[in-house]
Amino acid sequence: LDNGLLRTPPMGWLPWERFRCNTDCKTDPGNCISENLIKSMADKMAEDGWKELGYEYVNLDDCWSAKERDSQGRLQPDPDRFPSGIKALADYVHSKGLKFGIYSDMGNYTCNGYPGTTLDTIDTDAKTFAEWEVDMLKLDGCYSNSSVKAIGYPKMSIALNKTGRPIAYSCSWPAYEGGLPPKVNYTVLGEICNLWRNFGDIQDSWESVVNIIEWYGNNQDKLQPAAGPGRWNDPDMLIIGNFGLSYEQSKVQMALWAILAAPLFMSSDLRTISEDAKYILQNKLLIYINQDSLGIQGQRIIQSHHFEVWKRILFNGQFAVAVMNNGTDGMPRPFTTNFALLGILDCKEGYKIYNVLEQMFLGDFALDTTINIEVTPTGVVLLFLRPLCSVTYFTKP
Ligand SMILES: OC[C@@H]1[C@H](O)[C@H](O)[C@@H](O)CN1C(=S)Nc1ccc(F)cc1
């Protein structure tokens, strides 16, 4: 969507995968979906280095609202869990130099049964969100059929634009239509949404991460061209820092989300997150790759018995290459490749190669040298290649 927003993938925090629909603030006040939870995450994002690295959106997901609309038919927050109101919460988040996102559902109810946005409340809801000074809307797709969605998602895009407030627009529409053409039209999506969920919800497991990566690889010929500045495929939240991924598997999710030009929405508890998880999530060079100004989504280029190789074209003749070992056996497995196999022959002088996640410079490589690495079971090596050429490139697009 050409609204000037999200020219690089959005980065921030979403409660859903970690905190779900926990509304029990009586017995679990520290983890229930409430203004306090959002404010404490905003505090952490501002004080623990997240904001400086680009993590700027602090968003709500399902279960924020009251069970009924107010007397004017407007959405309203749960009065016990959000006593100060949404505008005050947005103001707080803004006071921290962060942006605030909200959630609704194009249907009679949200997936968890809260009031949805219906065709006749789209304008009211867009106006409400703009009055609350919201910076992003995630519009889910439960409790409605395909024809309501086909009308509603474009209608909301127009309504948001009409408010005059820049509001990034995340559409779950394709996820409810199977995610692929012909039921999904990615040209239309690119015109009306800034990002879109097109596959199943991520869960806190290695299996879930692998499923998502495989779906994106198997369908890349349809998915990859759909992505670009202002319009992103969204493979769902980062679960790094939660319970289901090992350290090696956490690196896989981070590396592949960088290659895929994916939104980086953490869904973990920033109050207690481990140093290991922070080390992965705050990797500057990895974020540089994810935020590359060309916005070209990477692709799987090699599939062998033990390895998958993914490659992303970056600005200024640079490349990112991820070598993933999804085997579950034995020791770190050696992998040998070369620039011809990787299809990286643009710069005759060769490339500087960095191991991104280990933060190590591997050296200057001439085009005819082999590249030898080792990849742990359910692990990944992410390489950053910077050309040794002196050719001048176009300025940042
Ligand atoms: O309720 C909201 C929740 C999150 O926002 C996810 O990111 C959305 O993709 C939708 N969603 C959930 S749990 N959706 C859902 C998941 C499983 C199911 F059987 C019915 C609905």
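Indexing begins at 1, ligand by ligand and atom by atom, following the structure's order.
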- Query: Judged by modelled atom types alone, do W196 and N233 share a side-chain donor-acceptor pair under 3.5 Å?
  - Reply: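 Indeed, the side chains of W196 and N233 share at least one donor-acceptor pair under 3.5 Å.
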- Query: Between S274 and D276, is any side-chain donor less than 3.5 angstrom from a side-chain acceptor?
  - Reply: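 There is no such pair (donor and acceptor under 3.5 Å, judged by atom type) between the side chains of S274 and D276.
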- Is it true that F335 and F307 have ring centroids separated by less than 6.0 Å?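 Ring centroids of F335 and F307 are less than 6.0 Å from each other.
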- Hey, does the Lys NZ or Arg CZ of K352 hover above the aromatic six-ring of F365, less than 6.0 Å from the centre and inside 45° of the axis?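 Geometry flag: not set, cation outside 6.0 Å or 45°.
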- Taking the side chain as every heavy atom from C-beta outward, state whether F319 and L314 have any atom pair closer than 4.5 Å.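 Not in contact.
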- Residue pairs, two or more places apart or on separate chains, that pass salt bridge (charged side-chain N to carboxylate O under 4.0 Å, His left out) and touch residues 19-41: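 For residues 19-41, and leaving out neighbouring residues, the salt bridge (charged side-chain N to carboxylate O under 4.0 Å, His left out) pairs sorted by first residue read E17-R20.
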- Near ligand 1, at a heavy-atom separation below 4.0 Å: residues by chain and residue number: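 Answer by chain and number: W16, D61, D62, Y103, C111, N112, K138, D140, C142, Y176, R197, D201.
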